[in-house]
Amino acid sequence: MSTTPTGTRLSSEGLAGATVLTGTPVVPGVALGPVVRPVGAVELPATKGPWIPEEQRAAEKDRFTAAADAVAERLAGRAAAATGVSAEVLNTTAQLARDRGLLSTVEQRIGDGASAEVATVGAAEQFVELFTSLGGVMAERATDVRDVRDRIVAELTGQGEPGVPMPETPSVLLADDLAPADTAGLDPTRIVALATRLGGATSHTAIIARQLGLPCVVGVGGLSDVPEGAVVLVDGERGTVTVDPDRAEAESRVATSREAAASLAGYRGPGATRDGHPVQVLANVQDGAGAQAAAAAHAEGVGLLRTELAFFGRTEEPSVEEQAGIYAGVFAAFPGGKVVLRTLDAGSDKPLPFATPPDEANPALGVRGLRTARRDPGLLTHQLDAVAQAAEATGAKPWVMAPMVATVAEAADFAAQVRERGMVPGVMVEVPSVAVLADRFLEHLDFLSIGTNDLSQYTLAADRLSADLADLTDPWQPALLALVQATAAAGQRAGKPVGVCGEAAADPVLACVLVGMGISSLSCAASSVAGVGARL
């Protein structure tokens, strides 16, 4: 599949000679509208503010704590009203606003005489420099730190909260980059498409846009030159942003896209190719509400239950009973149906204060996923107990898989723990070693599920959040597809299912290729189920 280099200016494609900018296509669909940009940046204080007398410093610390708590509560409230990845991202950002390291660093600076505003900026910059120096997925955290910094400073100084606009007219949002919390808060009735200068196809911004069903293109060169108010056409399948297009032609493209989307409304499942070969089309969900939405979208079950929701925003592990209640809500949405649950995927870009080392040199290659159980075995055993408890309460028989597995011994040990509790064991194929030795892994497991985002990252040695390397983490990369095909072939030899639950499963065209390689199930955002099923 050929792609156009990011940022290249193309011919008009029939749109009256208009300027066409290109990037990485993320979410298909075509939308037309005037350009809006994120609400103006928060005015930050000078690095050398007024010196605070010692007798006023306790009050200054209280002022910071109150502002940080207000920001965290606001984000947590939005998370409670969201589902899926949006809820995960908002909870993570809320957790960052309460981060002990940030709090102690700010208090130390206030203790040295800085005001709350100046201390917040200085402490945030300290963490930005740290995350940037670590590189990889941790560098992505610098955007989150700046976002939290701006929200706290805005609260302290009475400025308007930064974020995305709420235009009266349906508009297209253009930005250099977006904090994940801003993307999670988008209103699809007001923002009809999204394009960013930075970001990759598997960044949080891209994943949330897919969940919301917003046409989206990332890594677009020349986007900064497009003035606010200009009319643009965003094509999320071609990966283009057309500036001041011919109106009639643009509206025709939008109408065609809407007709194609409307044709999907008749999809009811189950998934199958035209000649009757069955392919399960499942959904990626995070909680009971997301599972209900997936059922309404005619998903046949859950191919990836992200269990992190119960853990984010916490300073200590949630109880078995609390976890069981969340899992039972998902099982209840698909009575007697297939639900594949992934155990805690913490670490790297999703650190937890009680499970993740704070000073890893390379977190993407460090203690994440199943590896957190090396430090605290109770995290895994308690979670498996919670899943078993929820299964008993609902009559479900969940499939349970571990993330970030690398060796056959790890897989065998995990499988034994899952079977002890009467459940179906599997692992994620994210580390290339699993794909290379898939036959041996399947001697101990009942299924495999390929996470294409991480598998591409580790196969091509390219940070999946890097816009500069987006072409290397494209799911059409031949090396990635070769590993997918090898894994699927091992599953066929063993007579055991192999699914795909990475973002590649949401691409209707690539879905057909994956099925041709022997993949037995595809799991994607609920908003993508109809598109994938109809194309199959």
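Side chains are part of it too, since the values below use all heavy atoms of this structure and drop only hydrogens, waters and symmetry mates. Start at 1 with the first residue, then count along the sequence.
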[Y]/[X] salt bridge by N-O under 4.0 Å criterion:
X	Y	result
R253	E249	no
D177	R197	no
D454	R368	yes
D439	R493	yes

Do [X] and [Y] come within less than 4.5 Å of each other through their side chains, counting heavy atoms only?
X	Y	value
K496	L448	no
L522	V515	yes
D446	P497	no
V27	L214	no
V424	F447	yes
F441	V405	yes
V172	V192	yes
I450	V498	yes

Let me confirm one number: the [atom1]-[atom2] distance from [X] to [Y], rounded to the nearest 0.5 Å.
X	Y	atom1	atom2	answer
I326	L305	CD1	CG	9.5 Å
L455	Q477	CG	CD	12.0 Å
R535	C512	CZ	SG	6.5 Å
L460	L469	CG	CG	9.5 Å
E228	R37	CD	CZ	7.0 Å
D147	L178	CG	CG	10.0 Å

Checking V285 against V330 for the side chain to side chain contact (heavy atoms under 4.5 Å, CB included) test, could you report, in this order, the C-alpha distance in whole Å, the side-chain angles of both residues, the deciding distance, and whether it holds? CA-CA 8 Å; V285 307; V330 177; 4.2 Å; yes
T256 vs V30, test: side chain to side chain contact (heavy atoms under 4.5 Å, CB included). Steps then yes/no. CA-CA 9 Å; T256 300; V30 181; over 6 Å; no
Please determine, by modelled atom types, if T242 and D235 share a side-chain donor-acceptor pair under 3.5 angstrom.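 No, no side-chain donor-acceptor contact under 3.5 Å.
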Could you note down all residue pairs passing salt bridge (Lys or Arg N to Asp or Glu O under 4.0 Å) where residues 515-529 supplies at least one of them, sequence neighbours left out?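 Of all non-adjacent pairs touching residues 515-529, none passes salt bridge (Lys or Arg N to Asp or Glu O under 4.0 Å).
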Show me the donor-acceptor pairs, under 3.5 Å and distance only, between side chains in residues 425-436 and residues at least two apart or in other chains.
{"residue": "E430", "atom": "OE1", "partner": "M404", "partner atom": "N", "Å": "2.7"}
{"residue": "S433", "atom": "OG", "partner": "A406", "partner atom": "O", "Å": "2.7"}

Do any N or O atoms from the side chain of [X] and from the backbone of [Y] form a donor-acceptor pair under 3.5 angstrom?
X	Y	result
S527	R210	yes
K397	M423	no
S528	C524	no

Can you list everything that forms a side chain to side chain contact (heavy atoms under 4.5 Å, CB included) with [X]? Sequence neighbours excluded, please.
X	result
R146	V128, A142, R149
A324	A386, Q389, A390
A534	L264

Go through the structure and list residues passing side chain to side chain donor-acceptor pair (under 3.5 Å) with T273, not counting sequence neighbours.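 For T273 the side chain to side chain donor-acceptor pair (under 3.5 Å) partners, ignoring immediate neighbours, are D275.
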Please identify each residue that fulfils side chain to side chain donor-acceptor pair (under 3.5 Å) with T189, with sequence neighbours left out.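 Once residues adjacent in sequence are excluded, the partners of T189 under the side chain to side chain donor-acceptor pair (under 3.5 Å) criterion are D187.
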[X] versus [Y], closest heavy-atom pair with distance:
X	Y	answer
P398	F331	CB-CZ, 3.7 Å
L344	T307	N-OG1, 3.5 Å
A195	V241	CB-CG2, 3.9 Å
L510	P475	CD2-CB, 3.7 Å
L186	I191	CD2-CG1, 4.1 Å
L173	P165	CD1-CD, 4.0 Å

Scan for side chain to side chain donor-acceptor pair (under 3.5 Å) pairs involving residues 508-523, sequence neighbours excluded, and state none if there are none.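 Applying side chain to side chain donor-acceptor pair (under 3.5 Å) to every pair that reaches into residues 508-523, excluding sequence neighbours, yields N284-S523.
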Tell me, which pairs form a side chain to side chain donor-acceptor pair (under 3.5 Å) where one or both residues lie in residues 327-344, sequence neighbours left out?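 Those involving residues 327-344 are Q280-K338, E308-R342, Q323-Y327, Y327-Q383.
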Side-chain donor-acceptor pairs of residues 481-492 under 3.5 Å, sequence neighbours excluded:
{"residue": "T487", "atom": "OG1", "partner": "L483", "partner atom": "O", "Å": "2.8"}

Step by step, would you call V26 with V217 a side chain to side chain contact (heavy atoms under 4.5 Å, CB included)? CA-CA 5 Å; V26 171; V217 185; over 6 Å; no
Before giving the answer on side chain to side chain contact (heavy atoms under 4.5 Å, CB included), spell out for S449 and V500 the whole-Å C-alpha distance, their side-chain angles and the decisive distance to 0.1 Å. CA-CA 5 Å; S449 184; V500 168; over 6 Å; no
N/O donor-acceptor pairs under 3.5 Å from side chains in residues 292-304, not counting sequence neighbours:
{"residue": "E300", "atom": "OE2", "partner": "G271", "partner atom": "N", "Å": "2.6"}
{"residue": "E300", "atom": "OE2", "partner": "V281", "partner atom": "N", "Å": "3.1"}

Checking Y458 now: which residues fulfil ring pair (Phe, Tyr, Trp, His ring centres under 6.0 Å) with it, not counting sequence neighbours?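 So Y458 forms no ring pair (Phe, Tyr, Trp, His ring centres under 6.0 Å) with any residue.
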